[in-house]
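For reference, positions follow the sequence shown, starting with 1. All figures in this text were calculated on a predicted structure; none of them were measured in a lab.
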Amino acid sequence: MTGSPHATRPFLLLDRTGPRRITDLAAVEGVTQPAMTALVRVMEANGLVERRGDASDKRVTLVCLTEAGASYVRTRHQAGVLAFERLTGELTGDEVEALVAALPELKHLAELESQDREGPKR
């Protein structure tokens with residue numbers, strides 16, 4: 001599966017929060033349930049996710065990362081880290097200091113965005 005940011009986000013969500021219902025993934029991503037079902041089918045066909053029953057509710061099916069899916073998330077993360085390192089290496093000392101000073105606020109923004117997108121955990 002190639003790296004469209006939109007196609008990658010469900011992997012990141014599953015990696016952070018664990019198994020989720022397709023309807024939850026669709027709501028977080030702002031897409032229809034049929035669209036998310038189609039994406040999950042592609043991810044499943046590529047061996048990146050699997051569907052499992054929910055032990056607490058036998059009517060529910062959860063989407064879970066496989067080991068290959070978790071490896072995909074780690075590989076994408078590492079690629080992002082390397083790109084970030086390369087780009088920050090081109091900044092001046094003052095620019096690096098300004099970026100470091102802004103990190104607490106950027107982290108807080110990322111946490112707020114994550115909470116907003118993920119909604120309640122299941």
Walk me through it: do T88 and L99 pass the test side-chain contact (heavy atoms from CB on, under 4.5 Å)?
CA-CA 9 Å; T88 56; L99 186 60; 4.1 Å; yes

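- Under the 4.5 Å side-chain criterion, counting only non-hydrogen atoms from C-beta, L13 is in contact with L25.
- Two residues are said to be in side-chain contact when any heavy atoms from C-beta on lie closer than 4.5 Å; V73 and L65 meet this criterion.
- C64 has its side chain out of reach of V49: every pair of non-hydrogen atoms, C-beta onward, lies at least 4.5 Å apart.
- Between atom OH of residue Y72 and atom CG of residue N46 there is a gap of 9.5 Å, rounded to the nearest 0.5 Å.
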Check step by step if side-chain contact (heavy atoms from CB on, under 4.5 Å) holds for L14 and R20.
CA-CA 7 Å; L14 291 171; R20 299 288 291 249; 3.9 Å; yes

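- In this structure the side chain of L39 reaches within 4.5 angstrom of the side chain of M43, judged on heavy atoms.
- Environment of CZ in R51: crowded, with over 12 heavy atoms of neighbouring residues, nucleotides or ligands closer than 6.0 Å.
- If you check the side chains of Q33 and T37, you find a donor sitting under 3.5 Å from an acceptor.
- With contacts defined as side-chain heavy-atom distances shorter than 4.5 Å, the pair M36/I22 qualifies.
- Side chain of T66 to main chain of G47: a donor-acceptor pair is present (N/O by atom type, distance under 3.5 Å, no hydrogens or angles).
- Contact between V31 and A35 at its shortest, heavy atoms only, is CB-CB, 4.2 Å.
- Taking 4.5 Å as the limit, every side-chain heavy atom of D54 sits out of range of all side-chain heavy atoms of K58.
- Put simply, NE2 on H108 and CD on E111 are 6.5 Å apart, with the number rounded to the nearest 0.5 Å.
- Taking E95 as the reference, L91, T92 meet the side chain to side chain contact (heavy atoms under 4.5 Å, CB included) condition, with sequence neighbours excluded.
- Residue V100 is grouped with residue F84 when hydrophobic side chains (ILVMFWY) are merged at heavy-atom distances under 4.5 angstrom, including chains of intermediate members.
- Atom CZ of R52 sits in a sparse spot, with 12 or fewer heavy atoms from other residues, nucleotides or ligands closer than 6.0 Å.
- Under the 4.5 Å side-chain heavy-atom criterion for grouping Ile, Leu, Val, Met, Phe, Trp and Tyr, L12 is not connected to V81 through any hydrophobic cluster.
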